[in-house]
Number of protein chains: 2
Amino acid sequence: MELVFISIGLGLLAIIYGFVTSRQVLGASAGNEKMQEIAGAIQEGAQAYLNRQYTAIGIVGVVVAILVGVFLGMIPAVGFVIGAVLSGIAGYIGMNISVRANVRTAAACETGLQQGLTIAFRAGAITGMLVAGLALLAIAVFFYVLVGPMALEANSRTVIDGLVGLAFGASLISIFARLGGGIFTKAADVGADLVGKVEAGIPEDDPRNPATIADNVGDNVGDCAGMAADLFETYVVTVGATMVLTALLLTQLGDLLMPLMALPLLIGGACIVTSIIGTYFVRLGGGTNVMGAMYKGFLVTAVLSVPLIWFVTQYALGSVGTDMNTVLNAGTGMVEFTGRDLFYCSLIGLILTGAIIWITEYYTGTNYRPVRSIAKASETGHGTNVIQGLAISLESTALPTIVIIAAIIGAYELAGLIGLAYGATAMLALAGMVVALDAYGPVTDNAGGIAEMAGLDESVREKTDLLDAVGNTTKAVTKGYAIGSAGLAALVLFSAYTADLNAFAEKLGLDVVDGRAAVNFSLENPYVIVGLLLGALLPYLFGAMGMTAVGRAAGDVVKDVRAQFKEKPGIMDYSEKPDYARTVDLVTKAAIKEMIVPSLLPVLAPIVVFFVIRAIDGPASAFAALGALLLGVIVGGLFVALSMTAGGGAWDNAKKYIEDGNHGGKGSEAHKAAVTGDTVGDPYKDTAGPAVNPMIKITNIVALLLLAALAH
Amino acid sequence: MELVFISIGLGLLAIIYGFVTSRQVLGASAGNEKMQEIAGAIQEGAQAYLNRQYTAIGIVGVVVAILVGVFLGMIPAVGFVIGAVLSGIAGYIGMNISVRANVRTAAACETGLQQGLTIAFRAGAITGMLVAGLALLAIAVFFYVLVGPMALEANSRTVIDGLVGLAFGASLISIFARLGGGIFTKAADVGADLVGKVEAGIPEDDPRNPATIADNVGDNVGDCAGMAADLFETYVVTVGATMVLTALLLTQLGDLLMPLMALPLLIGGACIVTSIIGTYFVRLGGGTNVMGAMYKGFLVTAVLSVPLIWFVTQYALGSVGTDMNTVLNAGTGMVEFTGRDLFYCSLIGLILTGAIIWITEYYTGTNYRPVRSIAKASETGHGTNVIQGLAISLESTALPTIVIIAAIIGAYELAGLIGLAYGATAMLALAGMVVALDAYGPVTDNAGGIAEMAGLDESVREKTDLLDAVGNTTKAVTKGYAIGSAGLAALVLFSAYTADLNAFAEKLGLDVVDGRAAVNFSLENPYVIVGLLLGALLPYLFGAMGMTAVGRAAGDVVKDVRAQFKEKPGIMDYSEKPDYARTVDLVTKAAIKEMIVPSLLPVLAPIVVFFVIRAIDGPASAFAALGALLLGVIVGGLFVALSMTAGGGAWDNAKKYIEDGNHGGKGSEAHKAAVTGDTVGDPYKDTAGPAVNPMIKITNIVALLLLAALAH
């Protein structure tokens, strides 16, 4: 139990870091009155949106919580509520810091680039540490209460169901937040661009554009709050799944059970320490290489994590007198592994994280072939820009898939399924640092907008642009990282499903052969193919819904802005002020309306598929199809998500690359084509693509809950 | 053997139909001198391209034939050559008819719409019947020679390997032809549009555009010759796989073996008769509903096929004294089935074909929501057009997947794997009619081009436009149909792989448990996940290569056209003639260069994956990963192909819908946006998307050949 206490302590450390750092950030100058006025409008809009979003989600959440309570009992329902509430809080606080740091970053950029970077990155780091810290605390404290005061067995069904409930709560909030935020931010962005840049011929972030505040609000509610909820969910699901799998598969552990269930928490705690240290290494060192500064911070974190993970693994095993070379799972019939193997698997997770960051930078950075090829293709028009962008987005799936496959093989050869789980856990343990890099993006994006709208000196905007340039890459990184960890965790989640199937076999009306449920998961079973196809279809359908929602909501924005220009002809010569709040309100309503149906798709699909196939061919085929659906949604979703997020980032940076004066620069025909590509990439990378990750998780968790409910 | 003779006779009937009908078509008026001159240029270009393409493919083909001979023996090598040569011939003759029918259609349109439709549709029907007839003859004659004069057992390994070799030959040619033709047609089309419509502001098919002849050549070599090779391949692989599977799985047939191996050929033959009858029902009946006329022809064919398939099934079984209600596979341990069940499975195939045609029309026709939503989104610009188009392309995968899944479940419940094979065979049996609908498209497209270039009366162009309007839908239909049949055949091809694995188990160094090779195809095996992911990656990578190739080649076209405008300033005022041949030559070279690498991807990928994984974890894991790769490529490829082909068709027709006077009509901002969408859709629907189907087949066949080679 001591190990769990240590993890709780390290989780608290992250919260303290967040608290202290937020005081530093909030203590910085908030700029002149005009800047504060603009920032105030953004704050107000973001606050209003999140309040409404959480109210809407709250209604769904209460219904689901009651359903969970009725079908699965009190403890899973409590877990669900904790997961849901903390996921919401992570997003909420992150957004609140972000909308205050934006104007302070703009003000700091009046002093210097390093000053701006410091404020913006610290703001990101607060969100990062809160996500990691709250997620760790959620699992550790809940686990402690169940096995401590409530004295449940660590591997009892109640504890397992409780952890699954926790994960479900986090996932359900996350998909709503990702999708709702994603629709908001891109509807505002696309709408503002279409009517502002394209029709009225005014620059981005021009104060005359009524949608410009909505656009800035969107950065915060989508890229910050939505992303934070997503990563919170990924953390909880991954670490939770590792603990659940340990409990389900390693049935002969004896004394080793508690240390092995606590070890994922300890690894998470250790990496909070290294992430905090890493944040202090994000410094320019005189130059202007912002991405280099980010890399420094990440590298320090990753490298320091290696000895620390070794240490906590040794410490955990040592607590029951086991060393790093003892086989931990003798007699379970699985791939045998030692503490040393688990350490190597964690190492694979760290390396995979680094590889995905590097690959993402290659595909979305302005220094490499992919982005430049899109920029070049823009010279021949809108069509070739989009064709090349689509080609790059398809291509960008190859390297990540190959490194994920290498990681799967490596971790599995070392320590079987538990090895995969440790690889994924180590990836997520770095979440504090990775989220910090990502949450930095919307702050700088907003800072640029505020500088523009407040009419600050050109040099300020140049600095914020420099800071923002890496934002597209860091945003794409987090998404690739989240979906990559999902790829690694795919087999872990599937194993949790099969383990549950075996545990519940008789209650589910399945035959039992050799102590296992007689469900045929072989590719030779047509119901497996049916499940794979249906699973792979989900991300396509989900993506279609997300894209359509953005298109529809953006269309509403365009109409509203056109109407405002007509009603207030003085807007153009600055004699009248546009009604920003009206546009914000319109997008808010549209986003919340549009997020409901697609979010329910992954919740309902597994249930419908199960019951339909059970009606056709009985429970064994239905469980086979459902299991295959879980893998199908990952096999399909991995490619959809990777291609959309990297492709979108590449389009955006191709535009930036042209704006830097290449291929004719701003205002050229190539630039116009690049703006089209950027617009297309927007819902790709910020709405449909990133929401695939929570969608995959929800599908898996709903399947687990369905099993538990059927067995009850 | 009598049954095989009947099939050969019916195959010959198709050839005779083609011969007779081609005399009718060629006998029609070829228009005035100017039209003939233009048509001559198109003919010449198409001929020159195909000669070069087949030379390049020939070189690859000879090398592969030698490899097949060395590793697998003489008979598979002969099969390979037959498949390759006939696939080439089908494309070659089809193209030759098409480039002669185009000008005759234009001339016929001077008389009336029905006259134009008759010529164009008959030209398509010639290609259709040749594809079906030659494919049927290839299998039937080859099979006859092996089991007749050479006196081999019908289910002997040599016959099986020979049929696989035949399929490989057809597939290899087909992927080159699809991809090479696809790159040619879209590079020319996109290039011509970019520089003509967008830069120079001259209309499509304007004779001043040096790329316009290349564009028309492309219709013939891509949409006609490439498509014909593709469908030839699909036919041979599907019918061949049904025969191979019958031989491999139904080991206790006795007397029933020959009738059951010949039955797929008979079904093919029967549907040739109904397809020929159907062609005579493609008539307008006074109105202008071209799609309705097409539907009439298809419906007649499909409905007449029902009793005829019942009759041939009864006849085949009756030849050994069995009736429709006798269980045919008693004692094999598989799902038991009767002749009646096989008939029902064929019926499922016919219904699935109809369903896919209807769904494709819904997603690509101008009368329905999808195309209209894209047209509407064009009002707000290029970006929203592309976003909506992508959303539709993602969405368009849902209904086909669901009907394919329903067909899989239905056919499997009736007659197990053999049922799936019969479903797919019945689909392909309609190939004559489906190809006729498709091959009609490039003829009318060209006819419009010739009418424009020859300066014919406006009313002629209106008629060709009316004929051409359904071309986008019929083209998309064939692609959806081909990939849909691949989805249905997926399990059949996979079963051929596992059956081979069991047959060769000892020679391959695999353990044998209960008479089966000890290869774990369960989703719980991480190497299965690895295989699924790698398989699903292939269509993405392949699509990326195809799209990039088109972008690159189109860029070359743009440069050449710009250079010609500069070198010959008189082109614009008609005082100088552009050098059409130069552009054709340039695209030819580019297309042939670009087609090689992507075509080799599906050939090499299975081999590399197998050897790498064997080196890491031994043969059992390698065979598991390879098997999963075969299904992964279908699970991934189905969605990529469906979304690309339907999406591309929808974009194209959204443009046509606007040109019909909606949303501002030609020249409006909406139209410009729609042109961008059309350009993006071009390589989607005509290059990358359709080539996925032969890619899937090749991957599967290479895996089968690899097994056979390793066992040798």
Side-chain angles (χ1 to χ4, degrees), chain A residues 190 194 198 377 380-384 386-388 390-392 394-395 397-398 401 404-405 408-409 412-413 490-491 494-495 498 521-524 526 528-530 532-534 536-537 540-541 543-544 547-548 550-551 554-555 558 616-617 627-628 631-632 635-636 638-639 643 676 679-680 683, chain B residues 190 194 198 377 380-384 386-388 390-392 394-395 397-398 401 404-405 408-409 412-413 490-491 494-495 498 521-524 526 528-530 532-534 536-537 540-541 543-544 547-548 550-551 554-555 558 616-617 627-628 631-632 635-636 638-639 643 676 679-680 683:
Chain A
V190 171
L194 284 175
V198 183
T380 38
H382 302 266
T384 39
V386 177
I387 290 174
Q388 186 61 24
L390 286 172
I392 292 296
L394 293 170
E395 184 197 310
T397 58
T401 306
I404 289 168
I405 284 172
I408 290 177
I409 293 178
Y412 189 83
E413 291 287 328
L491 263 164
F494 181 70
S495 317
T498 53
F521 284 116
S522 166
L523 296 176
E524 294 167 272
V528 167
I529 305 301
V530 165
L532 284 173
L533 287 174
L534 284 172
L537 171 60
Y540 274 79
L541 205 50
M547 303 271 290
T548 315
V550 169
V558 169
I616 294 174
D617 203 63
L631 283 176
V635 169
L638 184 72
F639 294 97
S643 66
T676 294
T679 308
V680 173
Chain B
V190 171
L194 284 175
V198 183
T380 37
H382 302 265
T384 38
V386 177
I387 289 175
Q388 186 60 24
L390 287 172
I392 292 298
L394 292 170
E395 184 196 308
T397 59
T401 306
I404 289 168
I405 284 172
I408 289 177
I409 293 178
Y412 189 85
E413 292 287 329
L491 262 164
F494 181 70
S495 317
T498 52
F521 284 117
S522 166
L523 296 175
E524 293 167 271
V528 167
I529 305 301
V530 165
L532 284 173
L533 287 173
L534 283 172
L537 171 60
Y540 274 80
L541 206 50
M547 304 272 289
T548 316
V550 169
V558 169
I616 295 174
D617 204 63
L631 284 176
V635 170
L638 183 73
F639 294 97
S643 65
T676 294
T679 308
V680 173

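First the proteins, then the strands, lettered A, B, ... as listed; each starts at 1. FYI, side chains are in, hydrogens and waters are out, and symmetry mates aren't considered; it's all heavy atoms of this structure.
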Top contributor to chain A interface from [options] [non-hydrogen pairs under 4.5 Å]:
options: B/I404, B/L533, B/V386; result: B/L533
options: B/I408, B/I409, B/V190; result: B/I409
options: B/L541, B/L534, B/L638; result: B/L534
options: B/S495, B/G551, B/A536; result: B/A536

Is there side-chain contact between [X] and [Y], with heavy atoms separated by less than 4.5 Å?
X: A/V558; Y: B/T384; value: no
X: A/L532; Y: A/L523; value: yes
X: A/L390; Y: B/L390; value: yes

Is it the backbone or the side chain of A/P683 that comes under 4.5 Å from a heavy atom of chain B, or both, or neither? side chain
Turns out that what part of A/V550 lies under 4.5 Å from chain B's heavy atoms comes down to neither
Tell me whether the centres of the aromatic rings in B/F639 and A/F639 are closer together than 6.0 Å. no
Can you tell which part of B/T397 gets under 4.5 Å to a heavy atom of chain A, answering side chain, backbone, both or neither? both
Below 30° counts as parallel, above 60° as perpendicular, anything between as tilted: where do the rings of A/H382 and B/H382 land? parallel
At a heavy-atom distance under 4.5 Å, which candidate from A/A377, A/G381, A/A398 has the highest pair count against chain B? A/A398
